[in-house]
Every structure is written in structure tokens, then in C-alpha cells.
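Residue numbers begin at 1 in each chain, while the letters A, B, ... track the order of the sequences.
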Protein chains: 2
Amino acid sequence: MQNLGWKRRLTEYIRTTGGHVTAPRLRVAEVFFDMDGHPGIEELHRAVEKRYPGTGGATVYRTMKLLCDSGLACTRDFGDGFARYEALDPAGHHDHLICTACGKIIEFGEEAIEELQEHVSRRHGFQMRDHRLDIYGLCRECAKIEGVG
Amino acid sequence: MQNLGWKRRLTEYIRTTGGHVTAPRLRVAEVFFDMDGHPGIEELHRAVEKRYPGTGGATVYRTMKLLCDSGLACTRDFGDGFARYEALDPAGHHDHLICTACGKIIEFGEEAIEELQEHVSRRHGFQMRDHRLDIYGLCRECAKIEGVG
DNA sequence: CTAAGTGCAAAAATTTTGCAAACTA
DNA sequence: TAGTTTGCAAAATTTTTGCACTTAG
């Protein structure tokens, strides 16, 4: 997976900004990319502390901001009172089918949709850099259970 | 528009919960649905205060939570450090061009994209109920300033 | 009348920032 | 060595809560 690539990509990004590749940054990133799901800062900080005691909370915040700036992660709002982070597979899609019943998330990519997005952007004089498409509804199984449709 | 419907829908919802339809709630809702865009609490509170002085900030928070619970609105994370609210027009669009430089948000609707979403959903046996499309990039003005492509 | 809601201010929770020490390049 | 990053704690922000008073039903 991405686990092979994040270190190189992060290092590359830090270099371009004239920054330093430090141990705390690599530790936070490593723990983050080893985790599944969408940890918030507190959960992530706990996990980092467990593997590498002595890492400050501010560093976790700052490192996650770095990962977001570099495009390796992004924040997602799940309605909790805090930010949660999602690992971004560079070549991956940002399109999801999200089942509101069971929470399952299906990733997909649709070239035609991306082309239309470009099209719409240009029409508004907008320079598209990235996108996120979330479709909410019921997956096959849950639709069956709820006996709808 | 929805402006005709929110009052009835809100009243209905409040009744089902055994709550009271109060003046402050109606004021906040009215100002919110009269606004365009995606106000945060502070912006909304200012607008409410302007039209109906003496409305407390906590009431704005509590009323927006009520609107979200009732399905008339929802929160959106636009990367500012606070929650912004979006009016949910039952028949409306949830598509945005978001400028990562100046924060401007342009709403749009593209029938062709929606059709493709339906298409993709069906292909995955997914029953689409709602969607969110956010396109990030630079608006015309910011692209000019940054002198990019 | 009773239960729910309001406004204010205090409290809680999350995120950012200042700074001396430590570290990368 | 020069400039960046860290960890801590303090500060800033956003959101929630306690409470006496008011209001809807």
C-alpha cells in the first residue's frame, strides 16, 4: 500500500519547503499510516505515546497539519467536536459511497465524473486542484434489510 | 423556495419532540434561511442580532443544532476552525467550488454529474439518498494573483 | 400551572502559539 | 553554525453548560 510510499513522499515535501525531516515527524506519520480508520488528535496522540513515549501533543497537531499540506492526509468532519484525519492514497480516489445504515465506505473512481468536474470548474473560471465526492445512501445489503426500493 | 417550507417543517419537528415553538427559534431560523452561503455561528449571530437585538449566542448554537437534528440544515467543515451551516433544500444541490486561497465558496449544480452519480451508485448496488461534491482549487481572482497557469 | 427555552456568564474542549532547549542539514 | 523543530504550558477559539427568569402549551 501507501505504507511504502509515505516516507519518501513526506521527505520530498519537507525538502521542498526547506524543512527538516525529524524523528518526531516520522514517528507520528508512521503511527498514523499504521492506523486504520479516521483517528482524531487525541486517539492518534495516545497511539503515538504508546509506541514512542515522550511525544508532545502540539507536535501531533503540527505533524498532521504537515501531512495535510503535503497531500498525504486530510481532515474530515464526522460531527464529533474535533477534527479527524484521513490518509490519502496519492493515486487513489476521493470518491466514496457511504452507507448511512452500516457505515460501510466503498471507494470508487469514475473518469467521466472527473471530466465533468473539470468542465464545471473551467466554466466558473476555477482552477481545480482536488475534489471530494461523497454519496450517501444504502448499500446493497442494508437496502435489502430495510426492505426499501 | 424552501423559504415557504421551513417554518412548517420546523414546527412539525418540534411538536414531535414535545418542544416549544418559540420566538427566538423562529428568529434564528428565519435569518439563517434568509442568508446565502454557509455562515458560521459568529456570522449568523451577528446577522440575528442586527435584525432582532437581544438574542443570545447560546440560543443560536442551540437552534442550529435543532435545525440539524430536524434535517433542515447540516454542518459543513470548510477548514476554518469552526462549524459552518448549510441549509438543506430538500431538492437542492450540495456541490461547491471551494477556493483554498481566499475561502470563497461557489455553489453549482450540474445535472450531468448527478446522473453519473446515480449511474455509479446503481452499478454498486447502492441506493443513493444524498451527496456532497466539493471541488478544491483557486478561484479566478486568486489564480490570477498567484500567477499560475 | 408545568415543562421547556432563553440569555448571560462561567466552564469545557479543542487548537494554536511563545519560548528555551534540542536537533537537522 | 544557522535555522528549524520540539515539548511544555499558556493563550486563544469555539462550543457547551448551569442557573434564575421567561414563555409556550
Five pairs at each end of the helix from C:dC1-D:dG25 to C:dA25-D:dT1: take the axis at both ends and give me the angle between them to 10°. 50°
For chain B and DNA chain C, what are the first and last nucleotides along the strand, 5' to 3', with at least one atom under 4.0 angstrom from a heavy atom of the protein chain? C:dA3 to C:dC8
Quick check: is A:Leu88 connected to B:Ile135 through a chain of hydrophobic side chains (ILVMFWY, heavy atoms under 4.5 Å apart)? no
Search all heavy atoms of B:Thr63 against all heavy atoms of B:Ala29 and return the closest pair with its distance. CG2-N, 4.5 Å
Any donor-acceptor pair under 3.5 Å from B:Glu107 side chain to B:Gly37 backbone: no
Could you pull out all residues at least two apart from A:Arg122 that satisfy side-chain contact (heavy atoms from CB on, under 4.5 Å)? A:Glu118
B:Phe82 meets the ring pair (Phe, Tyr, Trp, His ring centres under 6.0 Å) criterion, sequence neighbours left out, with none
Nucleic acid contacts of residues 39-70 of chain A, taken as heavy-atom distances under 4.0 Å to DNA chain C: A:Ala58, A:Tyr61, A:Arg62
Just wondering, more than 12 heavy atoms not from A:Asp80 lying within 6.0 Å of its CG? yes
Which comes earlier along DNA chain D counting from the 5' end, the contact point of A:Arg25 or that of B:Arg84, where each point is its nearest nucleotide? A:Arg25
Can you give me the closest heavy-atom contact between B:Ala73 and B:Phe32, atom names plus distance? CB-CE2, 3.8 Å
Would a single hydrophobic cluster contain both A:Val120 and B:Leu138, if residues Ile, Leu, Val, Met, Phe, Trp and Tyr are joined by side-chain heavy-atom contacts under 4.5 Å? no
Summary of protein contacts for nucleotides 20-25 of chain D, nucleotide by nucleotide, where a base hit scores B, a sugar-phosphate-only hit scores S (4.0 Å, heavy atoms): ----BS
